[in-house]
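Below is one structure, written out as structure tokens, with a few remarks after it.
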Amino acid sequence: MAVDVTTDKTFEEDTGSGVTLTDFWATWCGPCRMQSPVVEQLAKDMGDQVKFNKMDVDENPATAQKFGIMSIPTLLVKKDGQVVDSIVGYHSKEQLQQILGQYL
């Protein structure tokens, strides 16, 4: 299971059901470049339970503004369309697995 790209237009549909994790990032962000491979590995390990998305905040500012995302990387966890967690900064695979496990 891969990490899908989501946009301002598709975000609500992409994160409307089940447990989803969206990685808000930008190409110029160093910590985002460290977080991306962790999210991709999680998608391989947990892709049957959680849907993983990435959103470039430079190309899609509306969704980031809507959710008050001021720092990146921010990982937004939704369950059945409702925000249940917001994780700011770099986190290890183990930390993210533990957080996601609470919502499965």
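On a predicted model such as this, the values are computed, not experimentally measured, just so you know.
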Cluster check Val19, Leu21: I/L/V/M/F/W/Y, side chain < 4.5 angstrom: yes

Arg33 side, atom CZ; Thr27 side, atom OG1 - distance, nearest 0.5 Å: 8.0 Å

Side-chain heavy-atom pair Phe52, Asp4 within 4.5 angstrom cut-off: no

ILVMFWY network linking Val77 to Phe67, side-chain heavy atoms under 4.5 angstrom: no

Side-chain donor or acceptor of Asn53 paired with backbone N/O of Val5 under 3.5 Å: no

Test item: side-chain donor near acceptor, Thr63 and Asp8, under 3.5 Å: yes

Separation between CD of Gln102 and CD of Gln98, rounded to the nearest 0.5 Å: 7.0 Å

Listed partners of Asp14 passing side-chain hydrogen bond (donor to acceptor under 3.5 Å, both in side chains), at least two apart: Thr6, Thr10

Between CE on residue Met55 and CD1 on residue Ile72, distance to nearest 0.5 Å: 12.5 Å

For Lys93, all residues meeting side-chain hydrogen bond (donor to acceptor under 3.5 Å, both in side chains), sequence neighbours excluded: Asp45

CD-NE2 distance between Gln97 and His91, expressed to the nearest 0.5 angstrom: 13.5 Å

Joint cluster assignment, Leu104 & Ile99, ILVMFWY side-chain distance < 4.5 Å: yes

same_hphob_cluster(Val50, Leu42) at 4.5 Å side-chain heavy-atom cutoff: yes

Greater than 12 external heavy atoms within 6.0 Å of Gln41's CD: yes

Closest non-hydrogen atom pair, Phe11 against Thr22: CE1-OG1, 3.5 Å

Leu100-Leu76 co-clustered via ILVMFWY side chain contacts under 4.5 Å: no

Side chain proximity check, Leu96 to Met46, heavy atoms < 4.5 angstrom: no

Qualifying side-chain hydrogen bond (donor to acceptor under 3.5 Å, both in side chains) pairs with a residue from residues 64-74, counting only residues at least two apart or across chains: Glu12-Lys66

Tyr90: partners by ring-ring contact (aromatic ring centres under 6.0 Å, His included), with sequence neighbours left out: none

Asp58 side chain to Ala26 backbone, donor-acceptor under 3.5 Å: no

Contacts of Lys79 that satisfy side-chain hydrogen bond (donor to acceptor under 3.5 Å, both in side chains) - sequence neighbours left out: none

Test item: side-chain donor near acceptor, Thr20 and Lys78, under 3.5 Å: no

Flag for Ser36-Lys54: side-chain donor and acceptor within less than 3.5 Å: yes

Return a table of donor-acceptor pairs under 3.5 angstrom between the side chains of residues 80-88 and protein atoms on other chains or two or more places apart.
| unit_1 | atom_1 | unit_2 | atom_2 | d |
| --- | --- | --- | --- | --- |
| Asp80 | OD1 | Gly18 | N | 3.0 |
| Asp85 | OD2 | Tyr103 | OH | 3.1 |

